[in-house]
Peer 1: 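One structure, as structure tokens, below. Some questions next.
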Amino acid sequence: MQIDSLKVFCDLAETESFTKSAQINGVTQSAVSQQIGSLERQFKSLLIERSKKKFRLTREGELLYEYSKRIIETFNELHFKIDELKNVISGAIRVATIYSIGLHELPSYLKKYLRAHPTVNVHVEYQRFNQVYEDVIGNVVDIGLVAFPSKDHRLEVVNLRKDRMVLIVSPSHPLAKMQAVRTGVVNNQKFIGFDPDIPSRRAIDKVLREQNVEVKYVMEFDNVETVKRAVEIDAGMAIVPRGTVTQEVEKGTLAAIEFEDADFSRPLAAIYKKNKVLSPAMKEFLNTLRMDWSEEKGRK
């Protein structure tokens, strides 16, 4: 019996998916099944109930999961402590990020991090916000990057900075030449919004309600890139993070306008699973985000 087999079993127990367990460990689904079978023969016990309805561990499986987690965490901690003694920063980091952070915030910081630590392999996945949380909790990834972090007893939250949001319009729109406006000017206007369940949309709607402003949502999308494309063709206006429209403003395909009387901002954060043992590479990655984004906040 090897540590790797116990890790595969733990990942399967946490994700409840042979596919995801295989993905996490870089093996095939068949290999996952074989390793589970090997563990069952080793302990002469069924570990998983073979039912098509719902994934479930047997009592023996739950016990093996509990002790295997301890073994893996102790082994990882030992490995990471030895690396720290040697002052080695290497290995792999799995990151899941929402689209707006991954496309517009992360690249420059990731480039700086990899320049300083070229032996680290950082794998980045772009996900909807709910999938980022699921992947972090399920141990599919090590670190998640989100806006408006949710409180969850299973997660640790590293607050990074607040991102300013602005009103965007087509260059042909009557407001396009304005530097700043009061929130009331968007009352009853056609709006391009994020999907209603997305945290940024909920936060925007909350501020609009507080200002007694109503808008007419004519289109809703799950990512900022599609929102921008709709505004460019003058289908409506939108409120988006300032950093996501830098290129469009420079090219003249969008106009960005500040708000004078309301605080449209979104907090950005990194999340990781509570009690997760972080490798030196992961710790340094979080430190890089924290320090660099704090410096940028100071410049703004």
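Worth saying up front: this structure is predicted, and the values here are computed from it rather than measured.
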Peer 1: Under 6.0 Å from the six-membered ring centre of Tyr217 and within 45° of its axis: does the NZ or CZ of Arg201 meet both?
Peer 2: yes

Peer 1: For side-chain contact (heavy atoms from CB on, under 4.5 Å), just list the numbers for Ile48 and Thr58, CA-CA rounded to whole Å, side-chain angles, deciding distance to a tenth of an Å, and then say yes or no.
Peer 2: CA-CA 5 Å; Ile48 300 168; Thr58 62; 5.8 Å; no

Peer 1: Is it true that Glu225 and His104 share a donor-acceptor pair across their side chains at a distance under 3.5 Å?
Peer 2: yes

Peer 1: Looking at Lys206 and Glu210, does any basic side-chain N land under 4.0 Å from a carboxylate oxygen?
Peer 2: yes

Peer 1: Under 3.5 Å, is there a donor on one side chain and an acceptor on the other for Asn25 and Asp4?
Peer 2: no

Peer 1: Glu60 and Lys44: salt bridge (charged side-chain N to carboxylate O under 4.0 Å, His left out), yes or no, with the steps?
Peer 2: CA-CA 10 Å; Glu60 293 84 354; Lys44 298 182 174 62; over 6 Å; no

Peer 1: Quick test of your reading of the model: are Arg161 and Glu105 salt-bridged, counting only N-O distances below 4.0 Å?
Peer 2: yes

Peer 1: Out of Val166, Thr246, Val169, Ile168, which one pairs with Leu254 under the side chain to side chain contact (heavy atoms under 4.5 Å, CB included) rule?
Peer 2: Ile168

Peer 1: Looking at Glu156 and Lys273, does any basic side-chain N land under 4.0 Å from a carboxylate oxygen?
Peer 2: no

Peer 1: Specify the closest pair of heavy atoms between Ile239 and Phe264, including all atoms of both residues, with the distance to one decimal.
Peer 2: CD1-CE2, 3.7 Å

Peer 1: State whether Glu258 and Arg242 are salt-bridged, where the test is any N-O pair (Lys NZ or Arg NE/NH1/NH2 against Asp/Glu carboxylate O) under 4.0 Å.
Peer 2: yes

Peer 1: Would you call Arg128 and Asp195 a salt bridge, using N to O less than 4.0 angstrom?
Peer 2: yes

Peer 1: Are Arg70 and Glu66 within salt-bridge range, i.e. N to O under 4.0 Å?
Peer 2: yes

Peer 1: Between Phe75 and His79, how do the two ring planes meet: parallel, tilted or perpendicular, split at 30° and 60°?
Peer 2: parallel

